[in-house]
Amino acid sequence: MKWQRGYQSSNVEDRRGSGGGRMPGGRLGLGAIVILLILSVVFKRDFLSLAGGMSGDAPTAGGSGEVVSTPAEDSAKQFVSFVLDDAQQTWTAIFSSNNATYTDARLILFRDGVQSACGFAESATGPFYCPGDSQVYIDLGFYDELRERFGAPGDFAEAYVLAHEIGHHVQRLTGAEAEVRRAQQRDPARANQYSVALELQADCYAGVWASSAQSRGLLDVGDVEEGLGAAAAVGDDRIQRMGGGYVNPDAFTHGSAADRTASFKRGLESGDPGSCELQR
Ligand SMILES: [Zn+2]
């Protein structure tokens, strides 16, 4: 995919330095605290708060902790920043051509775990969208997993995952998400089926963005296949763990690989979100 290296987005919040928002000193044992206190006395520097800053004593002050990032992670951050803004600009244009207003979602980068309006999430949860705070959460380490465990390499596979999450934000804005939640409460026996419908629509929306990116010459040869590969690889059997009793949309089955691929393709080929109606 063609993208601007060094890209930064004002909608990206880097919480990788805040250690999962755990309690102050949560990762320090008593022995470590004693040693840090002794060091502080000897060197007349506050080692305890220095260590606390790294282990996350500011759960809500996102990005205040020191972010230690490899060049590869820096590049991944720039890439997701570019894709986020590109996808949201695409949706802003689509909404305005339908006399509707698109409001941006924010992207939170985290490591290990993160506190969201939807509860505490571990990295093992995978990327997710929280309707409660309109934020997408990604641990960049997921992309290594996507490559290694799910065998879906390539930058466009990574872009697809983010575009899918933005698809969930679109569903919040259109009211589809709320509509499905109500339907699930009315008919709990079909709750999972409704969730699958929501997931497939988000795949279709990811395809709508891909269509726009393609028409603007951003795609390289093989990118569509990478996106389709990711659509098929991610989801279905991912083990989801979520704290706080929140039901994460992505914790449900996403539908079969064939369904996911077909949905992505539908959006890609039509470029029209109208082709992405909820399948119920
Ligand atoms: Zn999803």
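We count ligands from 1, going down the list as the structure has it; atoms in each ligand are counted the same way.
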When you compare the side chains of [X] and [Y], does any donor N or O come within less than 3.5 Å of an acceptor on the partner?
X: Ser275; Y: Ser270; answer: yes
X: Tyr129; Y: Gln135; answer: no
X: Ser123; Y: Arg111; answer: no

Check all N, O or S atoms of His164 and name the one closest to the Zn ion (ligand 1).
->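 The atom in question is NE2.
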Atom name in Glu199, limited to N/O/S, at shortest distance from the Zn ion (ligand 1) =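 Nearest N/O/S atom: OE1.
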What do you reckon, is CD of Glu277 surrounded by more than 12 foreign heavy atoms closer than 6.0 Å?
-> yes
Using a cut-off of strictly less than 2.8 Å, determine whether Glu165 has an N/O/S atom near the Zn ion (ligand 1).
->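 No N, O or S atom of Glu165 is closer than 2.8 Å to the Zn ion (ligand 1), so no.
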